[in-house]
Amino acid sequence: MSVVRAFIAVDLPPDLQERLAQVTSELREQMGDVPVRWVPAQNMHLTLKFLGDVSLNNLDVLADILRGETADREPMVISLGGLGAYPKTRRPRVIWVGVEAPAAMEAIQRGIDKQTGRVGYARDRRPFSPHITLGRVSRNATPRDVRIIGDILNIKKVGFLGVARVREIHLYRSDLQSGGAVYSRLFSASLNADK
Ligand code: 2AM
């Protein structure tokens, strides 16, 4: 049975990706040679649901779920700004820029989580916390690396970066290649502009 690694996400417009890439390049310069896998601008997106391994036979079911969760909802606007880390700045694993999303986005995320849960994909254990991942700190980071990263995250100010109009939600496949992850769209569902 063929499987692909897949996730559901919202795209960002190129101008916002560029601004995020600018923040990343400042962080890289300020943090120096710390082991962080920085996300290239073209891979930056807002993840709604990570599915993991998906059987190709299940793609139709997932497309139906996406269609169902978007059909009755209108396009919306999300807003990007602020900098932080999960689980916390002093123990950074994921370095992120924050996302402010309307309640409707959370409702879509919850709906997708519930419906994909019904067909066997693991439910999200944590509440939805919308963010754009800029980088992932390697498990090999030393206490000194971690201190440097935490210090910079605590001092650096990232204000409002811009807004993105969300008209579609995409099912992506992720292929891990030697140069990093390559994402390709498998299916897109449009929010309902006539609502
Ligand atoms: P994140 O960057 O928003 O944290 C594609 O790989 C997306 O799926 C990533 O952007 C990441 O979301 C999410 N992801 C990857 N691996 C994951 C995992 N093991 N658990 C949860 N989410 C994961």
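Each ligand, and each atom within it, is numbered from 1 in the order the structure gives.
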Q) At the 4.0 Å heavy-atom cut-off, does Tyr183 count as touching ligand 1? A) yes

Q: May I ask you to decide whether Asp64 forms a salt bridge with Arg67, counting only side-chain N to carboxylate O separations under 4.0 Å?
A: yes

Q: Identify which of Asp124, Thr133, Ile8 has a heavy atom lying nearest to atom 2 (O) of ligand 1.
A: Thr133

Q) What distance do Asp124 atom CG and Phe50 atom CZ have between them, rounded to the nearest 0.5 Å? A) 10.5 Å

Q. Do Tyr172 and Asn43 get their side chains close enough for a donor-acceptor pair, meaning under 3.5 Å?
A. no

Q) Near His131, which atoms of ligand 1 are under 4.0 Å from a heavy atom of that residue? A) 1 (P), 3 (O), 4 (O)

Q) When you check the gap from the basic side-chain N to the acidic O, do Asp15 and Arg19 get nearer than 4.0 Å? A) yes

Q: Check the side chains of Gln22 and Glu26 for a donor-acceptor pair under 3.5 angstrom, ignoring hydrogens and angles.
A: yes

(Q) Does any N or O of ligand 1 fall below 3.5 Å from an N or O anywhere on Arg136, backbone included? (A) yes

Q | Any donor-acceptor N/O pair, Glu106 side chain to Phe128 backbone, under 3.5 Å | A | no

Q) Identify the closest protein heavy atom to atom 10 (O) of ligand 1: which residue and atom is it, and at what distance? A) His45 NE2, 2.9 Å

Q: With heavy atoms of Arg5 as the reference, note each atom of ligand 1 found under 4.0 Å away.
A: 15 (C), 16 (N)

Q) Which residue supplies the protein heavy atom nearest to atom 8 (O) of ligand 1, what is that atom called, and how far is it? A) Phe50 CD1, 3.2 Å

Q: For atom 7 (C) of ligand 1, find the nearest protein heavy atom and state the residue, atom name and distance (0.1 Å precision).
A: Thr47 OG1, 3.6 Å

